[in-house]
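Notes to accompany the following structure.
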Amino acid sequence: MAPSPAADSVPAVSGQVNLRGTVGIPRGGLRNNISGVGGRLHGYIGGWIGRRPLLVGLDLGILNYILNYGRTTDQVPFSRTVGPRVPVEVSTNNNVVEAHLSVRLQPRTGRFRPYVEGLAGFKYLFTRTTIGDDDFGNDDLGDDELGDDIAESTNYDDFALSGGAGAGIDVRVYRQREPGKTLRAVGVHLGVQYLLGQEAEYLAEGDLTDENENGQLDRSELDVRRSRTTFLQPQFGVTFRLADTD
């Protein structure tokens, strides 16, 4: 019989980490102002409360542009003086970032672990324009000079409180047999969230044009929309369960 591992050799951490891709489907008034759906990459980290099947965690977008609901890209001259000899790429992106606290009921162990959760947090909606060089793909340049951003600016932004519910299942595909290891299991994640959001203002997809040529974007030149910010979010990813034993 192999000796039992020492108590101090068992990792103290107890929880799970989840990485997943999410499809954002606008609902309600938001659907009338945003065409199509968006995509995002989400991360979740949570810890077990005692020995109960209760997780408290943080659900957070981990990319700069979490939900892209509109993008325009143009190639323009660097300046009127230089003219078309030095083109640059101007990209405008409409985005939504989400951050929520999550309280989840889920079995700690087992191959099939269904769950339900409640979420509360906020959404941050913003439109950002970036100017980048147009040298990407030029074989004469080194890797450090490809796709550099020259300047960027946030054109419009707003916050909205957000909350809702989710459900899904983690299906174990790998199990760690050594009790002293921090990573105990890996599972495929399937889930869905429905997140209600307060009213917020945001820009519709389209070009930003200084129509009166005063050198700035006035509110009268912006296509500002207002609605509740509700999304239905199907999800697929992978879950890493930490420190618990089956």
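- Partners of Phe122 under the ring-ring contact (aromatic ring centres under 6.0 Å, His included) rule, at least two apart in sequence or in another chain, are Phe159.
- A donor-acceptor pair under 3.5 Å is formed between the side chain of Thr229 and the backbone N or O of Gln198.
- Taking CD of Gln106 as the reference point, atom CZ of Arg241 lies at 9.5 Å (rounded to 0.5 Å).
- The closest donor-acceptor contact from the side chain of Arg184 to the backbone of Gln176 lies under 3.5 Å.
- Here the CZ-OG distance, from Arg51 to Ser14, works out to 6.5 Å after rounding to the nearest 0.5 Å.
- Between Val17 and Leu242, the closest side-chain pair of non-hydrogen atoms falls below 4.5 Å.
- Here the side chains of Val192 and Gln233 are not in contact, with every heavy-atom distance at 4.5 Å or above.
- Judged by the 6.0 Å and 45° rule, Arg40 forms a cation-pi pair with Phe231.
- Side-chain contact, Glu117 with Ser102: a donor N or O sits under 3.5 Å from an acceptor N or O.
- Considering all non-hydrogen atoms of both residues, Gly197 and Thr230 come closest at N-OG1, 3.5 Å.
- How far CD of Glu98 is from OG1 of Thr22: 8.0 Å, rounded to the nearest 0.5 Å.
- Using a 4.0 Å cut-off between charged nitrogen and carboxylate oxygen, Glu201 and Arg225 do not count as a salt-bridge pair.
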Gln16 and Arg113: CA distance, side-chain angles, deciding distance, side-chain hydrogen bond (donor to acceptor under 3.5 Å, both in side chains) verdict
CA-CA 12 Å; Gln16 62 188 33; Arg113 298 190 301 125; 3.0 Å; yes
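- At a threshold of 4.5 Å between non-hydrogen side-chain atoms, the residues Phe126 and Val97 count as touching.
- Hydrophobic cluster membership for Tyr115: none, as no Ile, Leu, Val, Met, Phe, Trp or Tyr side chain comes under 4.5 Å of it.
- Both Val171 and Leu183 sit in one connected hydrophobic cluster of ILVMFWY residues. Membership requires side-chain heavy atoms under 4.5 Å apart, directly or through other members.
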Determine, step by step, whether Leu203 and Val224 satisfy the side chain to side chain contact (heavy atoms under 4.5 Å, CB included) criterion, reporting the C-alpha distance in whole Å, the side-chain angles of both residues, the deciding distance to 0.1 Å, and the verdict.
CA-CA 5 Å; Leu203 297 184; Val224 179; 3.7 Å; yes
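- No donor-acceptor contact under 3.5 angstrom links the side chains of Asp157 and Tyr202, judged on distance only.
- Using a 4.0 Å cut-off between a side-chain N of Lys or Arg and a carboxylate O of Asp or Glu, Asp59 and Arg104 do not qualify as a salt bridge.
- Counting heavy atoms from C-beta outward, Leu101 and Val103 have side chains that stay 4.5 Å or more apart.
- Interatomic distance, CG of Leu30 versus CG of Leu125, reported as 7.5 Å (0.5 Å rounding).
- Between the side chains of Gln235 and Arg20, at least one donor N or O sits under 3.5 Å from an acceptor N or O.
- Residues Gln193 and Pro234 form no side-chain contact, since every pair of their non-hydrogen atoms from C-beta on lies 4.5 Å or further apart.
- Across every non-hydrogen atom of Val238 and Asn18, the tightest pair is O-ND2, 3.2 Å.
- One N or O on the side chain of Ser162 and one on the backbone of Leu196 form a donor-acceptor pair closer than 3.5 Å.
- Between Leu195 and Lys123 the shortest side-chain heavy-atom distance falls below 4.5 Å.
- Cluster partners of Tyr44, using a side-chain heavy-atom cutoff of under 4.5 Å among ILVMFWY residues and allowing indirect links, are Trp48, Leu55.
- Among all heavy-atom pairs drawn from Arg27 and Leu232, the shortest one is CG-N, 3.8 Å.
- The shortest heavy-atom contact between Ala160 and Ala200 is CB-CB, 3.9 Å.
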